Amino acid sequence: MPELPEVETSRRGIDPYLCGKTVLATRVRQPQLRWPVSSQIIETLAGQTITHTGRRGKYLLLYTQQGCVIIHLGMSGSVRIVDSHQAAGKHDHVDIEMSDGVILRYHDPRRFGCLLWSELPVEQHGLLASLGPEPLADDFTGAYLHKRSRGRKVPIKSFVMDSHVVVGVGNIYANEALFMAGIRPQTMAGAVSAKRYTRLVQCIKQVISHAITVGGTTLRDFVGGDGKPGYFQQSLLVYGRAGQPCKQCGTELKEIRQSQRSSVFCPLCQD
DNA sequence: AAATCTCCCTGTAGGC
DNA sequence: TGCCTACAGGGAGATT
């Protein structure tokens with residue numbers, strides 16, 4: 001499941017192959033993604049030059065002079081750089097081919113992702129306009145979370161996973177960060193102190209920046225290959241470890257369901 | 001406004 | 001071995 005670190009790693013991987021290149025053709029084999037890929041994007045993109053790439057939360061952005069391609073990888077999506085000799089596989093839904101033959105290939109078995117065209121400024125696009133701060137940015141602080149959470153009865157885990165509060169904290173990192181901060185996922189967001197939010201923000205920044213570092217070394221196969229990410233093999237403290245002993249105290253980790261998502265926590269280390 | 005529920009999709013894991 | 005079902009999850013949009 002691509003979380004923010006994987007999207008950022010993907011962006012860095014494809015960036016040098018796309019910047020300054022002109023789009024020759026776009027091929028859409030399967031338009032039925034999270035939202036249908038507009039057939040209009042094919043003619044819109046043709047002849048346009050990619051000026052730079054960007055990212056907002058888990059949205060990957062390809063800028064041109066006229067607009068921006070917004071790509072979301074959903075939970076099974078990936079992008080990689082191939083050439084025209086590599087046959088498209090079953091779930092290779094979109095190719096964006098540059099005039100030098102380099103192809104950006106969008107792959108997404110479960111089709112939870114999307115690929116959209118937006119006018120500039122893309123920040124005003126409906127999907128991006130009301131997003132919260134970037135987790136690694138300076139404006140994401142304990143004080144900010146504390147202020148935003150006052151009066152909120154939602155569990156803290158749902159709160160930090162809300163992209164209107166902060167972007168890019170998916171289920172895995174929410175579980176990990178709450179463990180690191182010693183906070184139970186079911187704690188009401190409005191009942192958590194400023195001090196504990198400061199700790200939680202430190203943990204979120206730490207786990208995400210570490211994952212970007214690890215992703216940079218393991219998710220490197222952007223040219224050719226199968227583009228499969230590998231960094232989920234990194235040692236996780238709680239996610240996916242229900243029933244196993246806590247790495248900190250040995251207590252059996254518990255699992256609960258919150259908003260149709262699994263939460264794993266240590267009953268001793270988190271309160 | 002805030003909280004909760006539903007839905008999109010298919011690969012994988014578990015049961016028999 | 002193979003078939004069947006349950007489950008996983010990001011997040012927008014609908015519903016309560």
Side-chain angles (χ1 to χ4, degrees), chain A residues 1-11 28-38 55-61 70-79 89-94 106-116 118 122 124-135 145 147-178 185-192 204 208 211 226-233 236 238-244 255-264:
Chain A
M1 307 122 238
E3 302 240 8
L4 184 149
E6 189 173 349
V7 178
E8 177 59 21
T9 303
S10 297
R11 188 194 67 75
V28 180
R29 300 183 191 82
Q30 168 58 277
Q32 297 305 314
L33 305 183
R34 176 72 168 82
W35 293 285
V37 179
S38 151
R55 179 187 58 74
R56 183 71 176 95
K58 296 179 186 172
Y59 292 97
L60 181 59
L61 306 171
I70 302 176
I71 296 173
H72 198 290
L73 301 177
M75 62 167 292
S76 61
S78 62
V79 286
K90 187 178 177 187
H91 302 295
D92 292 335
H93 305 315
V94 182
Y106 177 90
H107 173 94
D108 187 3
R110 296 185 193 175
R111 291 191 266 136
F112 271 31
C114 65
L115 194 150
L116 305 167
S118 168
V122 69
Q124 286 177 19
H125 188 279
L127 289 174
L128 307 188
S130 61
L131 293 178
E134 290 287 325
L145 271 194
K147 187 179 179 187
R148 284 289 306 263
S149 65
R150 294 308 89 184
R152 297 290 303 270
K153 299 182 190 303
V154 69
I156 188 163
K157 180 171 177 256
S158 305
F159 182 67
V160 298
M161 286 182 68
D162 182 345
S163 62
H164 300 98
V165 173
V166 56
V167 297
V169 182
N171 197 37
I172 295 174
Y173 297 131
N175 275 293
E176 295 296 302
L178 285 168
Q186 57 270 58
T187 308
M188 195 188 294
V192 174
I204 289 173
I208 288 183
D226 60 5
K228 287 264 172 64
Y231 76 82
F232 282 113
Q233 293 155 8
L236 295 166
V238 289
Y239 181 81
R241 296 193 64 244
Q244 298 178 44
E255 180 167 25
I256 57 171
R257 302 284 300 174
Q258 295 179 294
S259 314
Q260 274 69 272
R261 299 290 182 270
S262 88
S263 300
V264 185

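Each chain gets a letter, A, B and so on, in the order the sequences are listed, and its residues count up from 1. Keep in mind that this is a model prediction, so the values were computed, not measured.
If you find the closest nucleotide of DNA chain B to A/R111 and to A/V154, the one lying nearer the 5' end belongs to A/V154. Of the two residues near DNA chain B, A/R261 and A/K153, the one whose nearest nucleotide lies more 5' is A/K153.
Remark: A/Y59 engages no residue in a side-chain hydrogen bond (donor to acceptor under 3.5 Å, both in side chains) (not counting sequence neighbours). Under the salt bridge (charged side-chain N to carboxylate O under 4.0 Å, His left out) criterion, A/R55 pairs with A/E8, A/E134, not counting sequence neighbours. Applying the side-chain hydrogen bond (donor to acceptor under 3.5 Å, both in side chains) criterion to A/R261, with sequence neighbours excluded, gives no partner residue. With sequence neighbours excluded, no residue satisfies side-chain hydrogen bond (donor to acceptor under 3.5 Å, both in side chains) with A/S38. With sequence neighbours excluded, the residues satisfying side chain to side chain contact (heavy atoms under 4.5 Å, CB included) with A/V166 are A/P135, A/F140, A/V169. For A/K157, the salt bridge (charged side-chain N to carboxylate O under 4.0 Å, His left out) criterion is met by no residue, not counting sequence neighbours. The salt bridge (charged side-chain N to carboxylate O under 4.0 Å, His left out) test applied to A/D162 returns no partner, not counting sequence neighbours. Annotation: side-chain hydrogen bond (donor to acceptor under 3.5 Å, both in side chains) contacts of A/Q186 (sequence neighbours excluded): none.
Annotation: the terminal axes of the helix from B/dA2-C/dT16 to B/dC16-C/dG2 meet at 50°, where each axis is the rotation carrying the C1' atoms of four end pairs onto the next four (5 pairs per end, rounded to 10°).
No contact: A/S76 has no heavy atom under 4.0 Å from any strand. No engagement by A/L33 is indicated, since no non-hydrogen atom pair under 4.0 Å with the nucleic acid exists. Across all strands, A/Q32 comes closer than 4.0 Å to no nucleic acid atom at all (heavy-atom distances).
Residues from residues 159-167 of chain A that place a heavy atom under 4.0 Å from any atom of DNA chain B: there are none.
To the nearest 0.5 Å, the span separating CG on A/D108 from CZ on A/R34 amounts to 12.0 Å. Separation of atoms CD1 (A/I156) and CE (A/M188) is listed at 11.5 Å; rounding is to 0.5 Å.
Atom pair A/R110:CZ and C/dG11:P shows a separation of 15 Å (rounding to whole Å applied). Protein atom CD of A/E3 is 10 Å distant from nucleotide atom C1' of C/dG9, rounded to whole Å. Nucleotide C/dG11 holds its P atom 13 Å from the CG atom of A/D108, rounded to whole Å. Per the geometry, OH belonging to A/Y173 stands 14 Å off C1' belonging to C/dG10, to the nearest Å. Here C/dG11 presents its P atom at 13 Å from CG of A/L60, a figure rounded to the nearest Å. We find that CZ of A/R34 is positioned 13 Å from P of C/dG10, with the value rounded to whole Å. In this structure, A/H72 places its NE2 atom 15 Å from P of C/dG9, rounding to the nearest Å. Distance, A/L131 CG to C/dG11 P: 9 Å, rounded to whole Å.
A 4.5 Å side-chain heavy-atom check between A/L236 and A/E176 finds at least one atom pair inside the cut-off. The shortest distance between side-chain heavy atoms of A/R111 and A/Q30 falls below 4.5 Å. Within the 4.5 Å cutoff, the side chain of A/V94 has no heavy atoms near those of the A/I71 side chain.
Ring orientation note: the planes of A/Y106 and A/H93 are tilted relative to one another, at an angle of 30° to 60°.
Scanning DNA chain B 5' to 3' for nucleotides with an atom closer than 4.0 angstrom to a non-hydrogen atom of chain A gives a first and last hit of B/dA2 to B/dG11.
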Heteroatom pairs (N/O) under 3.5 angstrom, protein to nucleotides 2-7 of chain C:
none

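The side chain of A/Y239 places no N or O atom within less than 4.0 Å of a non-bridging phosphate oxygen (OP1 or OP2) of C/dA8.
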